[in-house]
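Starting from 1, each residue takes its place in the sequence as its number.
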Amino acid sequence: QPAQYAPLASVWEGEDAELLERLLDFYPRQRPDRILDATVNGGRFWRGSTRPVIGMDIEWAHRPALVADNTCMPFPGDAFDAVVYDPPHIPNQGKDKSKDFNTRFGLGLRSSKEQGYSFSHLYPPFVREAYRVLKAEGILLCKITDYIHDHRYQWAHLDLIQAATAAGFRACDC
């Protein structure tokens, strides 16, 4: 009997935590012993997980294990087996309070007109740091969302892939 196709849970339904668990089981050659969540926020990715995660965030209000800027990480090189990154990717929402992404997702930053109302300018310094703190066989997992803003499509995942490739990563887009 042929194997049944089983879609990843959070692609169709479920939570990001389920998908992250499957990715961490599938992609690394060895089970990651040290994982850094460089944008942990409220820790939604790790609900129900027993993995050894250091949660870092720039905002102390989220109560991360470590308050630090992921573009200048306070770790030595080769410190982690995996780094997880879920950066701000939702542009400014104007005066529409019904989409309060600031509260729901901890988005405390606003993107300027000079930055194209995008957060892609944060990717290059982050991926350079991620490359530095990851072990040679380490893996970087990123959650990036493309979106339409000001009637223009924003290809945030392409911006991240370009930054990651320039930093030395071999990028895979799934």
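Using a 4.5 Å heavy-atom cutoff, the side chains of Ser120 and Leu160 are not in contact. Residues Glu21 and Ser49 form a side-chain contact, since some pair of their non-hydrogen atoms from C-beta on lies under 4.5 Å apart. Under the 4.5 Å side-chain criterion, counting only non-hydrogen atoms from C-beta, Val84 is in contact with Leu20. Using a 4.5 Å heavy-atom threshold, the side chains of Tyr85 and Val127 count as separate. Residues Val40 and Met56 fail the side-chain proximity criterion, which asks for heavy atoms closer than 4.5 Å. Contact check for Arg34 versus Pro52: no side-chain heavy atoms found under the 4.5 Å cut-off. Here the side chains of Leu122 and Pro87 are not in contact, with every heavy-atom distance at 4.5 Å or above. Side-chain contact between Val83 and Val133 is present, with at least one heavy-atom pair separated by less than 4.5 Å.
Contact detail for Pro74 and Ala68: the closest heavy-atom pair is CD-CB, 3.8 Å. Here the closest heavy-atom approach between residue Ala38 and residue Met73 is recorded as CB-CE, 4.5 Å.
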side-chain contact (heavy atoms from CB on, under 4.5 Å) between Leu141 and Leu24, worked out: CA-CA 9 Å; Leu141 297 173; Leu24 286 168; 3.7 Å; yes

Could you go step by step and tell me if Ile35 and Trp46 meet the side-chain contact (heavy atoms from CB on, under 4.5 Å) rule? CA-CA 11 Å; Ile35 300 170; Trp46 306 105; 3.9 Å; yes

Just do the side-chain contact (heavy atoms from CB on, under 4.5 Å) check on Phe45 and Val53 with the steps written out, would you? CA-CA 10 Å; Phe45 280 1; Val53 177; over 6 Å; no

Does the side-chain contact (heavy atoms from CB on, under 4.5 Å) test come out yes or no for Leu140 and Phe126, once each step is laid out? CA-CA 11 Å; Leu140 172 62; Phe126 164 73; 3.9 Å; yes

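Atom CZ of Phe75 has more than 12 heavy atoms from other residues, nucleotides or ligands within 6.0 Å.
With sequence neighbours excluded, the residues satisfying side chain to side chain contact (heavy atoms under 4.5 Å, CB included) with Asp69 are Ile58, Thr71. Scanning for side chain to side chain contact (heavy atoms under 4.5 Å, CB included) contacts around Pro76 gives Ala79, with sequence neighbours left out.
Taking CG of Asn41 as the reference point, atom CG of Asp86 lies at 8.0 Å (rounded to 0.5 Å). Atom-to-atom distance recorded for Tyr27:OH and Cys172:SG is 6.5 Å, nearest 0.5 angstrom.
Contact check on Asp37 versus Arg44 returns no salt bridge, with no Lys/Arg side-chain nitrogen under 4.0 Å from an Asp/Glu carboxylate oxygen. A salt bridge between Lys135 and Asp81 is present, with a side-chain N of the basic residue lying under 4.0 Å from a carboxylate O of the acidic one. Between Lys143 and Asp16, at least one side-chain nitrogen of the basic residue sits less than 4.0 Å from a carboxylate oxygen of the acidic one, meeting the salt-bridge criterion.
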